[in-house]
Amino acid sequence: MANSVEFINAVKHFGDVTAVDGVSFSIAGGETVALLGPSGCGKTTILRIIAGFERPDSGVVRIAGEDVTRLRPYQRNVGLLFQHYALFPHMTIAENVAYGLRYRGCPRNEIDDRVAQMLELVRLPDFGHRKPHQLSGGQQQRVALARALATRPGLVLLDEPLSALDAKLRQELRAELKQVLAAVDATTIVVTHDQEEAMSLGERVFVMKSGTIVQAGPPNEVYGQPRSRFVAEFMGRANWFRGRLEAHGNGLAAFVGANGMKLVVSTFDDAAGRGEVDLCVRPESIDLMPLQAAATSGERNRIPGQVLEVTPLGAMRQILVELQGGGQVLAVQPNRSGEAHGPGQPVIVGLPAEGCVVVPVAA
Ligand code: ATP
């Protein structure tokens with residue numbers, strides 16, 4: 001049974017450091033949430049408080065509606081996969097996976113069935129008799145996941161589950177991890193400092209900064225509608241324009257850039273106000289058009305420019321454009337043949353209003 005989690009107004013200090021600064025959130029049973037943020041922002045501490053390895057100075061943790069704030073870790077039915085997922089080296093893979101079940105005194109035949117099921121789930125059915133050192137890093141990671149899930153926990157906590165692996169293996173295992181988590185009936189909280197990992201695994205992403213959650217929402221919303229420059233920059237690359245908002249209503253506003261550039265832009269947060277603001281435009285939101293195609297349409301948010309540099313990146317290519325009137329933008333497009341832009345080529349830069357997001361100027 002997937003367990004809900006309520007984390008209510010929790011505070012945790014370590015000496016002078018406020019690791020968790022009055023954080024509250026609720027996670028529904030069965031939901032997968034990614035806690036994302038830079039090193040030291042308090043992600044692991046939140047996970048450890050939920051698991052029971054740390055007690056908050058104040059605040060309440062409820063799992064499946066029950067106040068567990070003062071319960072010990074083993075009283076919480078939580079599956080854990082921590083950053084250093086070390087398997088027990090002297091035990092076989094099957095014994096590693098069986099560990100939690102044996103600890104709970106499950107009957108032998110039930111343990112054998114469950115271990116076989118779990119090794120099947122992580123696609124290592126024939127590895128039960130091996131020792132950890134006979135497995136690759138990625139295989140060991142999958143065993144650690146099987147071990148974390150073997151007791152059918154209603155809540156699974158994963159702290160940087162893929163961080164020990166190289167980039168290619170990380171990507172492969174990320175897809176696999178998602179499938180495995182979908183196959184088990186559990187609520188999952190994943191801690192990561194990698195925004196791609198957070199967006200691919202989490203149904204919701206909580207972005208943290210200095211012990212607080214600064215934005216929470218579905219991945220596309222947090223990426224596409226950041227409420228602050230910190231969130232926008234943490235979630236990916238962006239072009240930035242400083243300017244003023246002149247009039248706004250219905251989620252749209254008239255923006256005038258420092259160089260006089262006028263744009264219709266999106267405002268997702270009323271707090272952005274009318275004064276000086278920053279405009280965030282993701283590289284893939286930018287359209288680049290040949291002069292003649294753009295000349296006939298007379299649409300808004302189009303600025304003439306000139307290609308400065310084209311950099312192939314495999315599946316994508318990035319194009320740096322100098323804007324008429326000053327400033328540059330970086331665009332990213334699929335790297336299809338036959339559509340190449342070259343340095344020196346004049347282009348029209350299209351900035352769709354829904355891709356131009358106003359955020360307050362950072363304090
Ligand atoms: P990382 O991504 O580097 O693991 P994090 O976001 O998980 O970082 P935490 O491990 O939660 O961050 O740490 C939050 C803050 O609390 C940091 O400043 C850290 O140094 C401090 N901290 C965490 N645990 C302890 C502890 N046991 N004693 C003292 N300070 C601690």
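Ligands are counted one by one from 1 in listed order, and the atoms in each one are counted from 1 as well. Position 1 is the first residue of the sequence, and the numbers go up from there.
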message = Tell me whether ligand 1 is touched by Gly40 - counting only heavy atoms on the residue side and a distance under 4.0 Å.
response = yes

request  = Run the contact test for Pro38 against ligand 1 with a 4.0 Å cut-off on heavy atoms, strictly below, and give the result.
outcome  = yes

Using distance alone, determine whether [X] and ligand 1 share an N or O pair under 3.5 Å.
X	answer
Cys41	yes
Glu160	no
Glu54	no

Tell me whether [X] at atom [atom1] has more than 12 heavy atoms from other residues, nucleotides or ligands lying less than 6.0 Å away.
X	atom1	answer
Phe230	CZ	yes
Asn220	CG	no
Arg123	CZ	no

request  = State the atoms of ligand 1, each with its element, that fall below the 4.0 Å cut-off from a heavy-atom position in Ala19.
outcome  = 14 (C), 15 (C), 16 (O)

request  = Just jot down the ligand 1 atoms closer than 4.0 angstrom to any heavy atom of Thr44, in number order.
outcome  = 4 (O), 5 (P), 7 (O), 10 (O), 11 (O)

inquiry  = So does Asn9 get a backbone contact from the side chain of Ser24, meaning a donor-acceptor N/O pair under 3.5 Å?
reply    =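 Confirmed, Ser24 side chain pairs with Asn9 backbone.
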
request  = Using atom types as modelled and distance alone, determine if a side-chain donor or acceptor of Arg62 lies under 3.5 Å from a backbone N or O of Ile8.
outcome  = no

request  = Have a look at ligand 1 and work out which part of Val17, if any, has a heavy atom under 4.0 Å from it: side chain, backbone, both or neither.
outcome  =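 It is the side chain that touches ligand 1; the backbone stays farther off.
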
inquiry  = Heavy-atom pairs closer than 4.0 Å: do any link ligand 1 to the side chain of His193, the backbone, both, or neither?
reply    = neither

Rounded distance (nearest 0.5 Å) linking atom CE of Met235 with atom CD of Gln225 =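 Going from the CE atom of Met235 to the CD atom of Gln225 covers 12.0 Å.
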
ask   = Strictly by modelled atom types, are Asp194 and Thr192 linked by a side-chain donor-acceptor pair under 3.5 Å?
value = no

